[in-house]
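Each chain gets a letter, A, B and so on, in the order the sequences are listed, and its residues count up from 1. Computation of the quantities below employed the complete heavy-atom set of this structure, encompassing side-chain atoms and omitting hydrogens, waters and symmetry-equivalent molecules.
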There are 2 protein chains.
Amino acid sequence: MKPISIRPADLARPHVPLLKPYVPGLQPAEPGWIKLNTNENPYPASPRVVEAIGREAAADRLRLYPDPGSSRLRSALAAHHGLAPENVCVGNGSDDILNLLFRVFCDGEQPAGFTVPSYSLYPVLAAIQDGDVVKMEFDRSMDLPIDRLASCGATILFLTSPNAPTGVGFPASMLGDLAQRFPGILVLDEAYADFAEGNAIGLVREYPNVCVTRTFSKAYSLAGLRVGYAMGSESIISLLDRVRDSYNVNRLSQAAALAALEDQAYFEETLRRVKNTRDWFQRELVERGWYTYDSQTNFLFTEPIDEDGRAGPEVALSLFEHLQENRVLVRYFPKHALTRSFLRISVGQESEMATLNEHIETWTGSE
Amino acid sequence: MKPISIRPADLARPHVPLLKPYVPGLQPAEPGWIKLNTNENPYPASPRVVEAIGREAAADRLRLYPDPGSSRLRSALAAHHGLAPENVCVGNGSDDILNLLFRVFCDGEQPAGFTVPSYSLYPVLAAIQDGDVVKMEFDRSMDLPIDRLASCGATILFLTSPNAPTGVGFPASMLGDLAQRFPGILVLDEAYADFAEGNAIGLVREYPNVCVTRTFSKAYSLAGLRVGYAMGSESIISLLDRVRDSYNVNRLSQAAALAALEDQAYFEETLRRVKNTRDWFQRELVERGWYTYDSQTNFLFTEPIDEDGRAGPEVALSLFEHLQENRVLVRYFPKHALTRSFLRISVGQESEMATLNEHIETWTGSE
């Protein structure tokens with residue numbers, strides 16, 4: 001028997017045992033929940049996706065390694081966005097892409113910058129990399145602090161655009177200005193850009209230091225399949241290809257994403273429904289007098305007011321718990337002054353949002 | 001337009017632009033090839049796998065994130081191997097697991113050790129991590145250089161067991177001895193252990209510093225789906241869980257691997273056929289007088305002899321090229337003295353091996 005003195009944690013790189021894993025939103029195993037906590041699409045994937053998966057699974061190819069470069073998908077994405085295949089890298093979800101960007105550009109000497117609040121995975125990925133970070137706080141307006149960002153000194157800057165968890169979109173002219181002025185790699189994490197008025201893909205063609213990341217998890221209803229991608233200059237993409245796993249995207253995911261991309265009619269229709277529901281529900285919240293950011297995403301960030309007219313962390317938490325008791329999941333971010341009086345509510349189907357509304361009514365006592 | 005002076009490669013961590021990506025075996029897009037180059041299973045995945053994928057795809061769950069912990073699969077694997085779920089971590093292929101092990105235990109101060117030859121991904125993963133390495137050469141016997149391994153000074157030691165590309169298995173007693181004596185993390189990469197007489201899972205229960213990795217890509221015919229796993233002490237597994245992507249294994253892969261694991265009858269039957277074909281073909285090679293290692297895997301490593309009775313790199317390359325001209329793919333590793341006179345031939349279906357045999361006959365001129 002091994003001497004008791006060998007403890008694996010003592011052999012790990014010193015920062016690893018101290019890491020706090022990313023906490024994903026709750027994924028209840030049992031049915032019956034209204035799930036408005038992880039910004040999934042309330043509508044199923046395109047029927048053509050299901051067909052493509054069935055075809056691929058039945059074709060006696062599961063035993064074969066997938067295309068290591070996801071080349072058909074890469075070419076289709078390039079054509080879709082008016083880029084060349086050399087400008088696209090496909091990942092096992094856009095989280096894979098973000099992780100690769102940290103591995104290429106961030107370490108103890110090369111800091112990564114990000115805004116607070118934004119996607120809470122950035123600090124987790126920086127910590128895994130044992131990398132330096134520069135955090136830049138928003139104020140309550142959620143306007144882009146562009147001078148501070150441009151001069152933040154990071155080697156790579158991550159900007160969730162439109163932002164999360166607020167849903168706020170940033171004007172394209174402002175992003176172009178930032179790309180022009182920031183002397184590092186500017187990552188525009190466009191996980192939610194399909195739901196927005198504009199996007200920054202044009203900047204990829206213009207600026208060699210801009211990388212736009214996208215996902216099939218939200219607007220394409222494929223969170224279960226883990227497909228995301230980066231768009232950037234050939235130089236950025238070739239660096240990502242050097243550090244990624246050679247078979248990072250599996251066979252069924254490649255086939256499914258390709259089918260989803262090709263069914264643009266279904267995509268547009270789903271998008272239209274989600275945006276309609278979002279705009280209706282945003283008006284509902286505003287009519288209640290709840291401070292709610294204009295959403296360019298598939299979620300709403302709102303500051304609940306209780307029956308006594310109060311807002312604040314206790315009030316947000318109280319509604320969060322009330323909803324959870326009624327099997328409605330939303331997301332609460334208690335750790336930051338700008339988020340802890342708010343709840344983030346993913347846009348569900350219209351009937352789900354109506355049920356949510358009823359539970360809000362019982363909570364406010366207006367029913 | 002951005003000043004021309006900004007070049008992304010100049011902003012990358014200095015070692016990244018110098019990385020040479022791992023070169024996976026050729027995956028021809030067109031049909032008609034006999035593919036004996038990447039150790040895939042010649043038999044399709046279990047019909048229950050195809051059913052499970054169809055069920056999961058049709059169930060309106062693709063839009064939902066997968067279980068972040070792959071918990072059902074993790075529990076099933078633990079039960080299958082007589083371990084607890086806390087001893088198992090599931091990855092996006094065992095390459096994902098290997099990558100995580102490098103990220104936890106290897107850097108510029110903590111070297112990773114591996115034998116040469118072995119799985120050519122190890123040096124690639126070490127280089128991505130900008131980590132130190134200790135390489136230990138086999139001699140032609142391919143016996144385990146156990147004293148050198150035990151005292152190699154690495155923090156983590158990777159041993160492909162049975163070995164690749166030779167196919168040689170190592171006695172369990174010797175691996176136990178190494179686990180006992182090596183004062184670091186001992187990774188036994190058992191990608192091919194399903195095809196072997198023995199395995200080292202018993203060591204996981206005994207030694208907190210042993211980590212065994214496995215894959216569904218070979219014996220379970222699921223290379224296209226990217227599912228692998230690590231087994232180790234709770235301490236090792238919790239370190240891997242800290243650095244892995246929270247949604248690293250997608251929904252269909254989890255469902256498929258679970259179905260494959262549950263269909264042990266199919267698994268055993270496929271295994272039996274591959275091993276029978278391997279043993280027959282090994283006898284064929286030995287009868288030709290070709291030096292061939294005893295294989296404990298689903299491939300054979302053999303030193304071809306040409307019609308003039310010569311062996312050597314030119315001879316191996318000549319057969320490799322002859323086979324490729326006849327649309328039979330095998331693998332040739334020209335970079336090392338112990339591999340460059342050999343070819344690695346994956347075990348295909350009996351009819352494929354018979355065709356291979358015919359092409360060998362034309363090459364040797366014995367036909």
Side-chain angles (χ1 to χ4, degrees), chain A residues 2 6 8-9 11-13 16 19 21-22 24 27 38 40-41 44-45 50 53-54 57-58 60-68 92-93 95-96 99 104-105 107 110 128 155 180 184-185 206-209 221-226 233 235-236 239 241-243 245-247 250-253, chain B residues 1-2 6 8-9 11-13 16 19 21-22 24 27 38 40-41 44-45 50 53-54 57-58 60-68 92-93 95-96 99 104-105 107 110 128 155 180 184-185 207-209 221-226 233 235-236 239 241-243 245-247 250-253:
Chain A
K2 201 79 188 175
I6 293 208
L11 294 167
R13 300 170 65 209
V16 175
L19 293 173
Y22 172 73
Q27 301 285 353
T38 50
E40 288 142 336
N41 202 308
V50 180
I53 291 170
D60 183 24
R61 287 191 290 249
L62 296 180
R63 64 186 183 81
L64 301 175
Y65 282 95
D67 172 0
N92 185 40
D95 289 352
D96 180 20
N99 188 29
V104 172
F105 293 105
D107 61 20
Q110 304 195 179
I128 291 173
T155 304
Q180 175 74 40
I185 303 295
E206 229 177 319
Y207 297 101
N209 64 324
S221 305
L222 288 180
L225 285 195
R226 320 303 300 124
S233 56
S235 168
I236 291 178
L239 291 163
D241 273 329
R242 268 162 223 273
V243 297
D245 176 37
S246 36
Y247 296 115
N250 82 30
R251 209 165 249 291
L252 298 175
S253 297
Chain B
M1 186 64 191
K2 203 77 188 175
I6 293 207
L11 295 167
R13 299 170 64 211
V16 175
L19 294 173
Y22 173 74
Q27 300 286 351
T38 50
E40 288 142 336
N41 203 307
V50 180
I53 290 169
D60 183 23
R61 289 190 289 248
L62 295 179
R63 64 186 183 82
L64 301 175
Y65 281 95
D67 172 1
N92 185 39
D95 289 352
D96 180 19
N99 188 28
V104 172
F105 293 106
D107 61 19
Q110 305 195 179
I128 291 172
T155 304
Q180 175 74 39
I185 304 295
Y207 297 101
N209 64 326
S221 305
L222 290 180
L225 286 194
R226 319 302 301 121
S233 56
S235 167
I236 291 178
L239 291 164
D241 273 329
R242 269 162 222 273
V243 297
D245 176 38
S246 37
Y247 296 115
N250 82 29
R251 208 165 250 290
L252 297 175
S253 297

Q. Relative to chain A, which of B:Pro8, B:Ala58, B:Gly54, B:Ser221 shows the most heavy atom pairs under 4.5 Å?
A. B:Pro8
Q.
Just so I understand: if I count every heavy-atom pair under 4.5 Å between each of A:Asp67, A:Ile185, A:Leu225 and chain B, which residue has the most?
A. A:Leu225
Q. For B:Asn41 and A:Arg63, which heavy atoms make the closest approach, and how far apart are they?
A. O-NH1, 2.9 Å
Q: Quick one: closest heavy-atom pair of A:Arg242 and B:Leu19, and the distance?
A: NH1-O, 2.8 Å
(Q) Please identify, among A:Gly93, A:Ser253, A:Ala223, the residue contributing the most non-hydrogen atom pairs under 4.5 Å to chain B. (A) A:Ala223
Q: Using side-chain contact (heavy atoms from CB on, under 4.5 Å) as the criterion, list what pairs up with B:Ala12, not counting sequence neighbours.
A: A:Val104, A:Phe105, A:Leu239, B:Val16, B:Pro17
Q. With sequence neighbours excluded, what pairs up with A:Asp241 under the side chain to side chain donor-acceptor pair (under 3.5 Å) test?
A. A:Arg74, A:Arg244
Q: Using non-hydrogen atoms and a 4.5 Å limit, figure out which bit of A:Asn99 sits close to chain B: side chain, backbone, both or neither.
A: side chain
Q.
Counting heavy-atom pairs closer than 4.5 Å to chain B, which one of A:Thr38, A:Asn92, A:Asp96, A:Ile236 comes out on top?
A. A:Asn92
Q) Between B:Asp60 and A:Pro44, what is the shortest heavy-atom contact and its length? A) OD1-CB, 3.3 Å
Q: Report the distance from atom CZ of A:Arg226 to atom CG of B:Leu252, rounding to the nearest 0.5 Å.
A: 12.5 Å
Q. Using non-hydrogen atoms only, which part of B:Asp245 is less than 4.5 Å away from chain A: side chain, backbone, both, or neither?
A. side chain
Q) What part of A:Ser233 is in contact with chain B, defined as an atom under 4.5 angstrom from a non-hydrogen atom: side chain, backbone, both or neither? A) side chain
